[in-house]
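Have a look at the structure below before the remarks.
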Amino acid sequence: MSTIARVNTPLPGPRSKALFHRWARVEAQCTGYQAPVVWDRASGVLVTDVDGNTFIDWTSGVLVTNVGHCHPDLVKAVQAASAKLLNNYECLNEPRVEAAEKLISVLPPHLDKCFFLSTGSETVEGAVRIMKRHSGRFEIVSFYGGFHGRTYAALSAGGLAGPKKGYGPTLPGAIRVPFPYCYRCPFRAQPETCDLLCIDYLDDAVRANSTGSLAGVIVEAYLGAAGFIFPPAGWFPRLEQWLRSRGLLFTLDEVQSSFGRTGKFFALEWENLTPDLVCIGKGIGSGVPASAIAARGEVIGVLGPGEMSSTMGGNPVACAAVCAVIDIMRREKLEENALRIGALMKARLLEMKDRCPYLGDVRGMGLVMGVELVKDRKTKEPAPDLTRKLIDLAAQNGLLIGSVGIFGSVIRVAPPLVITEAEAHESLDIFEKALSLL
Ligand SMILES: Cc1ncc(COP(=O)(O)O)c(C=O)c1O
């Protein structure tokens with residue numbers, strides 16, 4: 001029985017329905033499938049729709065509102081900053097200096113410079129440009145299933161066909177290689193015995209595809225859009241060894257995985273990775289559009305004056321938000337909460353997997369977990385239709401979930417990092433009930 005979430009109308013409720021109708025008449029309908037709910041307001045992990053229904057949120061927008069929806073300190077900081085100054089482009093403002101100092105203070109020491117932008121895609125475009133400029137070469141190694149955004153360099157490095165359909169040819173020089181999706185290993189190997197043959201395969205891929213102009217590698221800390229796919233322990237250090245031994249630059253896309261999501265401030269901390277460039281987005285503003293490239297000073301230093309700009313990047317409101325978010329994360333120890341609540345949620349999801357024949361795989365760490373739905377556990381046939389149905393059933397019972405995945409069959413379990421034990425348990429009860437109704 002739900003005590004926190006409360007849904008009093010069939011979904012969509014009457015006001016939501018009317019808004020969906022008005023919207024369809026005036027805005028292009030090209031966003032992905034979501035529960036039929038029009039959000040009105042949100043606080044912590046709770047979202048209330050325009051019909052007065054309250055849901056527990058497992059989406060965090062799309063892994064954005066890490067410090068909780070509308071955290072009062074974040075709202076206060078944004079209100080104060082916006083009352084003073086909204087935009088001054090490249091003229092310096094004080095919040096920008098403070099945000100840069102704070103960001104550098106939470107990064108590993110080798111990443112000693114940053115640059116503020118507005119979106120994740122922008123950071124990827126910037127990182128790819130820097131890798132090319134610094135190396136004087138143009139080929140970029142990236143991964144099957146990778147998603148780095150919808151702008152052109154990001155799209156070209158991406159390893160999902162969907163976002164590229166109809167836009168070809170993409171940028172030359174993209175060399176895509178298999179990512180260790182161990183549940184569906186492209187080499188049909190077993191993680192216990194494979195000795196990471198996918199790393200050895202990189203040499204074959206480069207031999208077959210490179211013209212001798214390799215600049216660097218871009219990779220997500222885990223595959224986000226492809227279905228929250230985490231590489232096995234040891235894979236990243238082996239990848240880093242591989243690329244270093246070839247003198248390649250290393251960009252880690254932490255647009256999604258940073259700011260506490262995996263239980264560390266940055267996912268790179270798990271295996272002490274030392275990328276040259278890190279793309280940071282989403283959680284850095286926790287709802288306020290902000291992003292940043294963090295880099296070794298020597299690498300980003302290849303850009304001289306006037307060589308990088310962004311109309312909104314580094315604006316005082318976004319920078320005030322970044323400062324507030326870092327302060328909140330530190331004070332409320334949100335990485336620790338992500339680890340603790342994430343562990344209890346994963347344990348319960350794994351128990352559900354034993355009971356529900358549609359749960360093929362449960363994976364992830366901290367508060368980013370993927371639940372992959374299949375029609376049959378043996379054949380692993382993906383179940384995108386069931387996934388969609390589950391999104392609706394969960395919403396009707398008070399839980400907002402979304403889906404990702406190469407096959408559109410992975411449920412995102414990614415609540416704001418402030419989620420309490422009681423909220424976690426209630427949301428899991430709702431999820432289990434929704435599963436039983438499939
Ligand atoms: C890993 C990763 N990189 C880049 C992006 C692009 O970010 P944005 O949508 O802010 O441009 C995303 C967005 O989902 C992402 O998950």
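Counting starts at 1 for both ligands and their atoms, in listed order.
Using a 4.0 Å cut-off between charged nitrogen and carboxylate oxygen, K380 and E372 do not count as a salt-bridge pair. A salt bridge does not link R184 to D361: none of the charged nitrogens lies less than 4.0 Å from a carboxylate oxygen.
Here F143 and W235 bring their ring centres to under 6.0 angstrom of each other. For W270 and F236, the distance between ring centers is not under 6.0 angstrom.
Contact between I401 and I411 at its shortest, heavy atoms only, is CD1-CD1, 3.8 Å. Nearest heavy atoms, V255 versus K282: O-CB, 3.4 Å.
Within 4.0 Å of ligand 1, the residues that place a heavy atom are T119, G120, S121, F147, H148, G149, E220, D253, V255, Q256, K282, listed by chain and number.
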